2 protein chains.
Amino acid sequence: MNIGEASGRSGLPAKTIRYYEDIGLIRPDRGDNGYRDYGADDVHKLRFLHRSRSLGFSVEECRQLLALYEDKSRASADVKDMATTKLTEIDRKIRELTELRRTLEQLVHACHGNERPDCPILEELSEG
Amino acid sequence: MNIGEASGRSGLPAKTIRYYEDIGLIRPDRGDNGYRDYGADDVHKLRFLHRSRSLGFSVEECRQLLALYEDKSRASADVKDMATTKLTEIDRKIRELTELRRTLEQLVHACHGNERPDCPILEELSEG
DNA sequence: TCTTGACCTTCCAGTGACAGGAAGGTTCAT
DNA sequence: ATGAACCTTCCTGTCACTGGAAGGTCAAGA
């Protein structure tokens with residue numbers, strides 16, 4: 001199938017699929033007309049990439065996951081390690097954002113938000 | 001003062017301070033030797049930028065905040081609007097990350113993580 | 001047969017917010 | 001006089017794409 005259909009089936013934009021080929025994540029066949037030609041396996045990989053990217057793995061991590069996926073002899077512990085590490089990172093991000101949220105909410109709460117110029121938000125930004 | 005001291009006092013790397021000058025956020029004086037020369041006002045602005053960046057505002061938003069900060073006639077409502085919008089964005093990010101976390105945790109939990117190759121994480125990535 | 005429109009191709013540039021490093025000038029202490 | 005620690009500009013790289021230009025291909029309709 002052409003890239004358009006592979007895009008439709010995988011959920012990835014055609015531009016992204018070409019980019020993934022550029023960086024060596026997938027290697028589709030080519031037809032006589034020079035068009036890329038994707039098989040069911042390729043679409044499978046693209047869906048794998050789409051899913052793991054949307055779960056917060058970087059492209060390089062996706063490359064590793066894909067390699068693990070294709071390595072029939074790998075231990076499931078290898079994969080679990082990556083997922084656990086990623087889980088820790090996500091936890092940290094959530095904590096940071098929650099702290100950020102708390103601070104910002106305090107500022108918003110403190111500001112009366114009217115036509116007058118005095119603003120506790122700017123004062124805090126300026127001094128904090 | 002030189003950029004090194006401004007960096008120390010504001011908490012921003014010298015590279016970042018030069019970058020902020022490149023994009024027109026600050027305009028320090030120059031000494032006879034060509035060195036940038038920062039005053040107390042500049043450091044104040046740099047700290048403002050540091051603080052608002054760390055609160056999740058983009059550089060362009062920081063530019064607006066700085067303009068509001070320097071506009072003595074602005075209404076505090078203008079600032080409150082920006083902060084409230086940012087708060088909403090942060091809430092959305094937290095929700096998304098929490099959902100991500102939940103999914104990933106389920107996967108990690110489902111995987112026994114041993115020496116054998118069967119791995120529910122990869123299976124889910126592949127089919128999900 | 002011609003044309004139109006939807007595909008597809010490659011290549012180049014831009015994004016955001018810096019970071020790294022090269023090559024060279026300045027200042028200060030020893 | 002020398003060396004370290006500053007400073008300068010300029011260029012490149014990061015990450016993961018996205019947009020666009022210029023042009024080739026294909027299938028359907030007039």
Side-chain angles (χ1 to χ4, degrees), chain A residues 1-39 42-43 45-66 86 89-90 93 96-97 100, chain B residues 1-39 42-43 45-66 86 89-90 93 96-97 100:
Chain A
M1 76 194 75
N2 286 346
I3 200 169
E5 194 176 342
S7 166
R9 293 203 191 180
S10 66
L12 289 170
K15 276 274 186 188
T16 301
I17 296 177
R18 289 195 197 95
Y19 171 69
Y20 285 171
E21 182 178 351
D22 272 359
I23 62 174
L25 283 181
I26 44 164
R27 305 181 184 285
D29 290 342
R30 294 282 179 145
D32 293 343
N33 52 12
Y35 285 17
R36 291 168 177 85
D37 183 16
Y38 297 87
D42 294 316
V43 171
K45 276 196 201 178
L46 290 173
R47 290 174 63 83
F48 184 103
L49 289 168
H50 190 189
R51 177 83 172 136
S52 30
R53 284 289 295 129
S54 75
L55 279 174
F57 291 96
S58 73
V59 166
E60 281 318 300
E61 286 165 339
C62 289
R63 193 194 299 275
Q64 294 173 44
L65 284 171
L66 209 51
K86 187 52 63 178
E89 285 172 27
I90 291 173
K93 276 188 201 165
E96 286 172 5
L97 279 176
L100 209 65
Chain B
M1 77 193 74
N2 286 346
I3 199 170
E5 193 176 341
S7 167
R9 294 203 192 181
S10 66
L12 289 170
K15 277 273 187 190
T16 301
I17 296 177
R18 289 195 197 96
Y19 172 69
Y20 285 172
E21 182 178 349
D22 272 359
I23 63 174
L25 283 181
I26 44 164
R27 305 179 186 285
D29 289 344
R30 294 284 179 143
D32 292 343
N33 53 11
Y35 286 16
R36 292 169 178 84
D37 182 18
Y38 297 87
D42 294 316
V43 172
K45 276 196 201 177
L46 289 173
R47 290 174 64 82
F48 183 103
L49 288 168
H50 190 190
R51 177 82 172 136
S52 30
R53 284 289 296 129
S54 75
L55 279 173
F57 291 96
S58 72
V59 165
E60 281 318 301
E61 286 164 339
C62 289
R63 194 194 298 275
Q64 295 173 43
L65 284 172
L66 210 50
K86 188 52 61 177
E89 284 172 29
I90 291 173
K93 276 187 200 163
E96 286 172 6
L97 279 176
L100 209 66

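So that the names make sense, note that chain A is the first sequence line, chain B the second, and so on, each numbered from 1. The structure presented is a predicted model; accordingly, all values stated were derived computationally and were not measured.
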Item to complete: Identify which nucleotide among D:dG24, C:dT10, D:dC7 has an atom closest to any side-chain atom of A:Arg36, counting heavy atoms from C-beta outward.
Response: C:dT10
Item to complete: Would you mind reading off the distance between A:Ile17 atom CD1 and D:dT18 atom C1', rounded to a whole angstrom?
Response: 14 Å
Worksheet item: How long is the span from the CG atom in A:Leu100 to the NZ atom in B:Lys86, to the nearest 0.5 Å?
Response: 9.5 Å
Response to the item:
Between CZ of B:Arg18 and C1' of D:dT8 the distance, given in whole Å, is 7 Å
Practice prompt. Give the rounded distance in Å between these two atoms: CD of A:Glu5 and P of C:dA6.
Written response: 18 Å
Fill in: Between NZ on residue A:Lys15 and CZ on residue A:Arg18, distance to nearest 0.5 Å
6.5 Å
Worksheet entry | Separation of atom CG in B:Leu25 from atom C1' in C:dG16, rounded to whole Å | 13 Å
Worksheet item: Between CD1 of B:Ile17 and NE2 of B:His50, what distance do you get to the nearest 0.5 Å?
Response: 10.0 Å
Using atom names, set out every protein N or O paired with an N or O of nucleotides 10-17 of chain D below 3.5 Å, distance rounded to 0.1 Å.
unit_1: D:dA16; atom_1: OP1; unit_2: A:Val59; atom_2: N; d: 3.4
unit_1: D:dC17; atom_1: OP2; unit_2: A:Tyr20; atom_2: OH; d: 2.6
unit_1: D:dC17; atom_1: OP2; unit_2: A:Arg53; atom_2: NE; d: 2.9

Worksheet item: To the nearest Å, how far apart are B:Glu21 CD and C:dA17 C1'?
Response: 16 Å
Fill in: Chi angles and distances behind the salt bridge (charged side-chain N to carboxylate O under 4.0 Å, His left out) call for A:Lys93, A:Glu96
CA-CA 5 Å; A:Lys93 276 188 201 165; A:Glu96 286 172 5; over 6 Å; no
Worksheet item: Contact class for B:Ile23 (heavy atom, under 4.0 Å): base, sugar-phosphate, or nothing?
Response: nothing
Fill in: Gap separating the CG atom of A:Leu12 from the OH atom of A:Tyr19, nearest 0.5 angstrom
12.5 Å
Worksheet item: Mind checking whether A:Arg47 and A:Val43 have side chains closer than 4.5 Å, heavy atoms only?
Response: yes
Discussion item. Distance check, rounded to the nearest 0.5 Å: A:Arg27 atom CZ versus A:Glu21 atom CD?
Written reply: 8.5 Å
Discussion item. So, OP1 or OP2 of C:dT27: does either fall under 4.0 Å of a side-chain N or O from B:Asn33?
Written reply: yes
Discussion item. From CG of B:Asn2 over to C1' of C:dC28, roughly how many Å is that when rounded to an integer?
Written reply: 12 Å
Worksheet item: Roughly, in whole Å, what's the span from OH in A:Tyr35 to C1' in C:dT10?
Response: 13 Å
Worksheet, complete the sentence: Taken to the nearest whole Å, OH/B:Tyr38 to P/D:dC6 is 16 Å
